[in-house]
Structures are given as C-alpha cells and as structure tokens.
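Beneath this line is the structure, given in structure tokens, with notes to follow.
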Amino acid sequence: MPWVCDDAVMPTYVAFLRAINLGPRNKYPMAELRAALASAGFTDVATHIQTGNVRLTTPARSVARLTERLEAVVAADRGFPLDVVVLTPAELAAAAAEGEVRLAAVAADVGEGQVHGQYVTFLRDLPEPAAVERLDAFVEPERARLSVVDRAVHLTLLEGYQQTRLDNNRIEKVLGVRGTNRNLTVVRRL
C-alpha cells in the first residue's frame with residue numbers, strides 16, 4: 001500500500017540486492033542497510049531475511065533512476081558495488097502468482113514429489129526475444145522447466161539446484177541482463 005504524505009502518494013517499491021551475505025563476501029547487515037537507506041531519504045524501509053530484500057517508499061517514479069540511486073547509496077555505504085533489481089508491488093505480486101501457476105503445472109505434469117524447487121530470477125531489464133530463445137536451448141526437460149514472463153524468469157527444478165545448467169549466472173549471461181534470484185517461498189512472503 002502506498003504511503004500518503006501531504007496529499008501526495010509516495011510509491012512503494014521492492015528492491016533486491018544481488019550477491020550479498022554469501023559466505024565471507026559482500027557482508028551487509030540488514031540493520032545497516034536500513035539505516036543507510038533511511039539516511040538517504042527513503043522511508044518505510046523494511047528488510048526480509050539476510051539476502052537483501054528491501055521494501056521502501058520514495059517519491060521517485062522512474063524504476064531505472066531509483067535503481068541507480070540505490071546502487072549509489074549501497075556503494076557509498078559499503079565501499080563495493082552491488083547490482084540492484086527494483087520491482088513495483090504489482091510486478092512482485094504478478095511474479096509470485098505466475099510462480100505458483102508454473103509450479104502447479106509442472107507438479108501436475110511430473111508429480112508433486114518430483115519438484116525440487118521453484119525459483120524466480122528478477123531481471124533489471126526486459127530480455128530480448130532472441131535471448132529468451134537462446135536460453136530455451138539450455139533447458140533439459142528431465143531436470144528443469146523454465147519460462148520467461150516480463151522481467152521474471154521462472155525456473156522449476158526436477159533435480160537439485162546444483163544439477164541444473166540454469167543457475168542465475170547462466171541465465172544472466174545468456175539473456176544479457178543482470179538479475180538476482182529468489183526461491184518462491186521468499187517471493188510469496190514478500
């Protein structure tokens with residue numbers, strides 16, 4: 001729900017920071033992230049778990065400019081660059097709903113006990129159709145099912161994540177678009 005101030009609606013966004021708190025790399029405690037964003041003028045800042053899932057409000061209307069600003073704030077605060085993907089609540093809700101549809105369809109096709117995970121890679125930009133076709137060539141139907149809807153890549157795994165050729169790095173490389181992935185459980189909660 002947008003935050004209302006002085007009769008002006010401030011939009012809410014969800015930002016996903018890529019590759020933080022993975023082992024010893026890119027440590028960013030969520031309390032420090034919230035403080036940095038609040039100091040930069042963002043309001044209603046909240047985080048979910050330790051993987052850089054942030055809800056915030058801002059008068060910004062351009063997702064591209066907001067993404068750049070968030071990346072600048074993070075780099076200034078931490079001293080290292082991080083990619084950020086920003087979604088509107090409507091985009092996040094649509095991705096969660098699509099993830100549920102994809103998960104149910106694959107489970108109905110192969111049997112519910114055969115599904116080992118459902119992931120969504122959120123992309124910074126829309127991928128080119130030719131790139132999506134190239135990505136389809138990496139799909140091994142006995143290991144995974146994949147679909148790209150707008151800026152979300154839905155990946156249903158029939159084997160463990162380590163067995164797929166479709167991890168986040170491969171998806172980014174083939175599509176030529178930066179992104180970050182989350183499992184469907186996290187997407188549902190957000």
task: Establish, from distance only, whether the side-chain atoms of Thr43 and Thr57 form a donor-acceptor pair under 3.5 Å.
output: yes

query: Does the side-chain contact (heavy atoms from CB on, under 4.5 Å) test come out yes or no for Arg102 and Val149, once each step is laid out?
result: CA-CA 11 Å; Arg102 299 294 173 177; Val149 180; 3.9 Å; yes

message: Pairing donors with acceptors under 3.5 angstrom, does anything connect the side chains of Arg34 and Thr47?
response: yes

message: List the residues meeting side-chain hydrogen bond (donor to acceptor under 3.5 Å, both in side chains) with Asn169, not counting sequence neighbours, and say none if there are none.
response: Arg18

query: Hey, does the side chain of Glu112 reach the backbone of Ala107 with a donor-acceptor pair shorter than 3.5 angstrom?
result: no

task: Nearest 0.5 Å please: distance from the CG atom of Leu37 over to the CG atom of Leu56.
output: 6.5 Å

task: With rounding to the nearest 0.5 Å, note down the distance linking CZ in Arg165 to CG in Asp167.
output: 11.0 Å

Qualifying residues under side-chain hydrogen bond (donor to acceptor under 3.5 Å, both in side chains), relative to Thr67, sequence neighbours excluded: none

- request: With sequence neighbours left out, write down each residue that passes side-chain hydrogen bond (donor to acceptor under 3.5 Å, both in side chains) with Thr58, or none if nothing qualifies.
  value: none

task: Output every pair passing salt bridge (charged side-chain N to carboxylate O under 4.0 Å, His left out) with a member in residues 181-190, not counting sequence neighbours, ordered by first then second residue.
output: Glu100-Arg188

message: For a quick test of reading the model, state the closest non-hydrogen atom pair linking Val45 to Ala38 and the distance between them.
response: CG2-N, 4.3 Å

field: Shortest non-hydrogen contact from Pro59 toward Met10
entry: CD-SD, 3.6 Å

- request: Please tell me if the side chains of Thr164 and His116 come closer than 4.5 Å, counting only heavy atoms from C-beta onward.
  value: no

Exercise: identify the closest heavy-atom pair between Pro127 and Val132: CG-CG2, 3.8 Å

- prompt: Sequence neighbours excluded, which residues qualify as ring-ring contact (aromatic ring centres under 6.0 Å, His included) partners of Tyr119?
  reply: Tyr161

query: If you round to the nearest 0.5 Å, how far is CG of Leu66 from OH of Tyr13?
result: 6.0 Å

message: For Glu142, is the CD atom crowded, meaning more than 12 foreign heavy atoms sit under 6.0 Å from it?
response: yes

- request: Return the minimal non-hydrogen interatomic distance between Val86 and Glu91, and the atom names on each side.
  value: O-OE1, 4.3 Å

- prompt: How many angstroms lie between atom CG of Leu17 and atom CG of Asp83, to the nearest 0.5 angstrom?
  reply: 9.5 Å

- prompt: When you look at Met30 and Ile20, which way does the side-chain contact (heavy atoms from CB on, under 4.5 Å) test go after all the steps?
  reply: CA-CA 10 Å; Met30 293 299 97; Ile20 67 166; 3.5 Å; yes

task: Might you point out which heavy atoms bring Ala144 and Leu157 nearest each other, and give the distance in Å?
output: CB-CD2, 4.0 Å

- line: Ser39 meets the side chain to side chain contact (heavy atoms under 4.5 Å, CB included) criterion, sequence neighbours left out, with none

message: My understanding is that only residues two or more places apart in sequence, or in another chain, count here; which of them pass side chain to side chain contact (heavy atoms under 4.5 Å, CB included) with Arg134?
response: Ala130, Ala131, Val174

- prompt: If you measure from CG on Asn181 to CG on Leu123, what distance do you get to the nearest 0.5 Å?
  reply: 10.5 Å

message: Donor-acceptor check, side chain of Thr121 to backbone of Asn168, threshold 3.5 angstrom: yes or no?
response: no

statement: Note: with side-chain heavy atoms under 4.5 Å as the link, the other cluster members for Phe122 come out as Val14, Phe16, Ile49, Val85, Leu87, Leu92, Leu103, Val106, Val110, Val115, Val120, Leu158, Leu184, Val186, Val187, Leu190

Can you list, pair by pair, the side-chain donor-acceptor contacts under 3.5 Å of residues 68-81, counting residues two or more places apart and other chains?
residue	atom	partner	partner atom	Å
Arg69	NH2	Ala40	O	2.3
Glu71	OE1	Arg124	NH1	3.4
Glu71	OE2	Val84	N	2.9
Glu71	OE2	Arg124	NH1	2.3
Asp77	OD2	Tyr28	OH	2.7
Arg78	NH1	Glu32	OE1	2.6
Arg78	NH2	Lys27	O	3.4
Arg78	NH2	Glu32	OE1	3.4

message: Within the supplied structure, the quantity of interest is the number of heavy atoms (other residues, nucleotides, ligands) at a distance under 6.0 Å from Gln163 CD; does it exceed 12?
response: yes

Inter-residue atom distance Arg151.CZ - Leu126.CG, 0.5 Å rounding: 7.0 Å

- prompt: In terms of side-chain geometry, is the basic nitrogen of Asp44 or Arg55 positioned less than 4.0 Å from the acidic oxygen of its partner?
  reply: yes

query: What pair of heavy atoms forms the shortest contact from Ala95 to Ala152, and how long is it?
result: CB-CB, 4.2 Å

All salt bridge (Lys or Arg N to Asp or Glu O under 4.0 Å) counterparts of Arg143, not counting sequence neighbours: Glu140, Glu159

- request: Can you sort out the partners of Asp109 under side-chain hydrogen bond (donor to acceptor under 3.5 Å, both in side chains), two or more places apart, ordered by chain and number?
  value: Arg145

